Amino acid sequence: MSLTYKIASTIVRLLGVKKMFLKNKEEMLAYARKENAKVVFDLKKAKKRAERKNYFLFHREVMGCRLLSYQKDQRPADGAVLYLFGGGMITQPDKLDFSLAERIMEKTGKDVWFLFYPLCSEDVKVDKTYDVCFETYRLMTETYKAENIGVLGFSSGACLSLGIFLHNNALGRPLPMPGKIISISPGGVPDVNLDENKEIWERVNELNHKDIMIEPTYFKTAREILKGDKDILEYMLDGTVGDFTDFPKTYFYYGENECLYAYADEFKKAMEKYRAPYEITVGKGMCHCYPLARFFREGREAQDEIIELLKS
């Protein structure tokens with residue numbers, strides 16, 4: 001483990017980031033809305049940056065949600081990446097996401113579609129989020145061959161990177177599968193009161209003392225927020241119970257010291273049940289979504305590896 005990571009993880013632990021996830025539903029929603037009120041993306045500044053760095057940044061809406069397209073040329077490339085940010089389905093993307101989207105475009109030569117999917121802190125439930133993500137992917141297939149599309153997601157976005165295609169299977173497979181999926185720290189919010197979910201809940205909590213960022217209590221709160229009183233299909237809340245038939249090669253990344261690592265075996269079982277090709281990479285001693293950061297060696301190496309996967 002690099003010294004830079006050790007120092008950073010110690011600082012995060014001392015700051016008590018995990019305490020945030022102990023908030024109840026109302027407190028968590030209030031926190032999310034406060035965070036989402038902050039300006040993290042300015043389209044005019046972003047377009048000026050694109051002009052300065054000699055690439056194109058296009059903007060449109062999908063079902064009322066902002067969609068960016070990072071492109072090296074004015075015309076679409078032969079391939080593209082659908083980027084799905086993390087944030088527990090309740091908070092907006094941050095500067096690391098925009099930097100990585102730009103970097104992927106620069107290093108792969110592919111277009112990057114960055115979707116501001118609807119957040120469940122804004123009076124919508126997760127089925128609406130699925131509808132927007134699914135429609136965005138459908139639009140991508142009108143411009144690019146499906147086999148030339150890669151889907152990349154972090155945390156809640158990782159759940160969507162899988163969930164879009166579980167949804168596709170549930171709908172009778174109206175769309176072709178993408179070329180590959182890269183899912184960073186996906187998990188689920190199953191009903192932990194059911195006997196069949198007791199084991200995964202125990203494993204999540206066993207890893208809690210190692211996790212510097214996420215407190216398992218949030219998974220119960222998140223289920224309340226994502227579902228509300230609606231009758232939501234379970235695979236939209238817990239992807240491990242979905243249908244992985246005909247999935248493309250799927251790459252999972254987990255930090256060894258994150259509580260969501262408990263889901264690695266659950267996804268492994270699901271992929272093997274449906275004979276879907278997969279690969280799981282575990283960052284030794286690493287935290288949640290470690291490939292998103294480049295300031296420490298392990299994150300930088302994992303991120304570069306992911307970019308190489310997206311390039312092919």
Side-chain angles (χ1 to χ4, degrees), residues 18 20-29 32 86-90 119-121 123-131 133-134 153 155-171 181 183-211 213-245 247 250 252 254-255 257-276 278 280 288:
K18 288 169 66 84
M20 176 187 70
F21 292 100
L22 291 171
K23 298 177 185 291
N24 62 33
K25 177 183 174 182
E26 288 71 28
E27 292 170 334
M28 186 59 76
L29 287 173
M89 298 286 189
I90 61 171
L119 301 171
C120 295
S121 50
D123 297 321
V124 300
K125 298 309 170 191
V126 76
D127 55 342
K128 172 68 173 179
T129 307
Y130 269 76
D131 287 343
C133 292
F134 188 76
S155 193
S156 56
C159 297
L160 291 169
S161 73
L162 304 168
I164 293 171
F165 306 103
L166 299 176
H167 191 49
N168 189 50
N169 280 344
L171 293 174
I181 299 169
S183 192
I184 319 295
S185 296
V189 287
D191 184 347
V192 297
N193 295 312
L194 300 178
D195 288 341
E196 61 261 35
N197 295 324
K198 297 292 185 184
E199 185 180 344
I200 183 63
W201 183 236
E202 289 173 2
R203 296 208 307 274
V204 165
N205 280 278
E206 284 170 2
L207 289 167
N208 187 26
H209 71 285
K210 293 184 177 182
D211 198 317
M213 297 173 67
I214 298 177
E215 159 63 48
T217 300
Y218 175 66
F219 300 147
K220 292 182 178 180
T221 308
R223 186 177 175 91
E224 291 183 60
I225 294 171
L226 271 59
K227 185 178 184 297
D229 296 326
K230 291 191 74 174
D231 186 14
I232 302 289
L233 294 165
E234 192 62 23
Y235 67 81
M236 294 184 178
L237 300 165
D238 177 13
T240 64
V241 303
D243 179 357
F244 288 84
T245 300
F247 258 53
T250 301
F252 297 89
Y254 285 100
N257 288 357
E258 65 170 315
C259 56
L260 283 170
Y261 178 38
Y263 281 90
D265 279 344
E266 299 304 303
F267 281 113
K268 177 182 177 182
K269 291 174 189 174
M271 299 298 280
E272 291 179 351
K273 176 182 177 181
Y274 291 96
R275 299 181 180 180
Y278 72 95
I280 298 177
H288 181 63

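Because the structure is a prediction, the values reported are computed rather than measured.
Crowding of Lys273 atom NZ: a count of heavy atoms from other residues, nucleotides or ligands under 6.0 Å not exceeding 12. Other residues, nucleotides and ligands contribute over 12 non-hydrogen atoms within 6.0 Å of the CZ atom of Phe219.
Ring geometry for Tyr274 against Phe244 counts as tilted: the plane angle lies between 30° and 60°, on a 0 to 90° scale.
Residues Phe267 and Phe252 bring their aromatic ring centres within 6.0 Å.
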Evaluate the criterion side-chain contact (heavy atoms from CB on, under 4.5 Å) for residue pair His167 and Asp131; output intermediate values, then yes/no. CA-CA 9 Å; His167 191 49; Asp131 287 343; 4.1 Å; yes
Kindly indicate, with the supporting measurements, whether the criterion side-chain contact (heavy atoms from CB on, under 4.5 Å) is fulfilled by Met20 and Tyr218. CA-CA 9 Å; Met20 176 187 70; Tyr218 175 66; over 6 Å; no
For side-chain contact (heavy atoms from CB on, under 4.5 Å), just list the numbers for Lys268 and Glu272, CA-CA rounded to whole Å, side-chain angles, deciding distance to a tenth of an Å, and then say yes or no. CA-CA 6 Å; Lys268 177 182 177 182; Glu272 291 179 351; 3.4 Å; yes
Kindly indicate, with the supporting measurements, whether the criterion side-chain contact (heavy atoms from CB on, under 4.5 Å) is fulfilled by Ile225 and Met89. CA-CA 9 Å; Ile225 294 171; Met89 298 286 189; over 6 Å; no
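Heavy-atom minimum distance, Cys133 versus Leu160: SG-CD1, 3.9 Å. Heavy-atom minimum distance, Leu260 versus Gly187: CD2-CA, 3.6 Å. Closest of all the heavy-atom pairs between Leu237 and Arg223 is CD1-NH1, 3.6 Å. Closest heavy-atom contact between Pro190 and Asp238: CB-OD2, 3.6 Å. In terms of heavy-atom proximity, Ala262 sits nearest to Ile200 at O-CD1, 3.5 Å. Considering every non-hydrogen atom in both Ala158 and Ser185, the closest pair reads CB-C, 4.2 Å.
Judged purely by atom type and a 3.5 angstrom limit, Tyr254 has no side-chain atom pairing as donor or acceptor with the backbone of Cys259. With hydrogens and angles disregarded, no donor-acceptor distance shorter than 3.5 Å links the side chain of Ser155 to the backbone of Gly87. Between the side chain of Asn168 and the backbone N or O of Ile164, no donor-acceptor pair lies under 3.5 Å. When atom types are taken as modelled, the side chain of Lys18 and the backbone of Ile214 share a donor-acceptor pair closer than 3.5 angstrom. Without hydrogens or angle criteria, Tyr263 side chain to Gly188 main chain gives a donor-acceptor distance under 3.5 Å.
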Which donor-acceptor pairs under 3.5 Å do the side chains of residues 22-29 make with protein atoms, sequence neighbours left out?
unit_1 : atom_1 : unit_2 : atom_2 : d
Asn24  : OD1    : Glu26  : N      : 3.2
Asn24  : OD1    : Glu27  : N      : 2.8
Glu27  : OE1    : Asn24  : N      : 3.0

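Remark: Glu199 engages Arg203 in a salt bridge, criterion side-chain N to carboxylate O under 4.0 Å.
The distance from atom NZ of Lys125 to atom NZ of Lys230, rounded to the nearest 0.5 Å, is 9.0 Å. Interatomic distance, CG of Leu162 versus CZ of Phe247, reported as 6.0 Å (0.5 Å rounding). Considering CG of Leu119 and OG1 of Thr129, their distance stands at 7.0 Å, rounded to 0.5 Å. One distance of note links CG of Asn193 with CH2 of Trp201; it measures 10.0 Å at 0.5 Å rounding. Atom CG of Asn205 is separated from atom CG of Asn208 by 6.0 Å, given to the nearest 0.5 angstrom. Rounding to the nearest 0.5 angstrom, the gap separating the NZ atom in Lys227 from the CG atom in Asp191 is 8.5 Å.
Listed by chain and number, the residues in a side-chain hydrogen bond (donor to acceptor under 3.5 Å, both in side chains) with Glu206 amount to none (sequence neighbours excluded). Under the side-chain hydrogen bond (donor to acceptor under 3.5 Å, both in side chains) criterion, Asn169 pairs with Arg173, not counting sequence neighbours.
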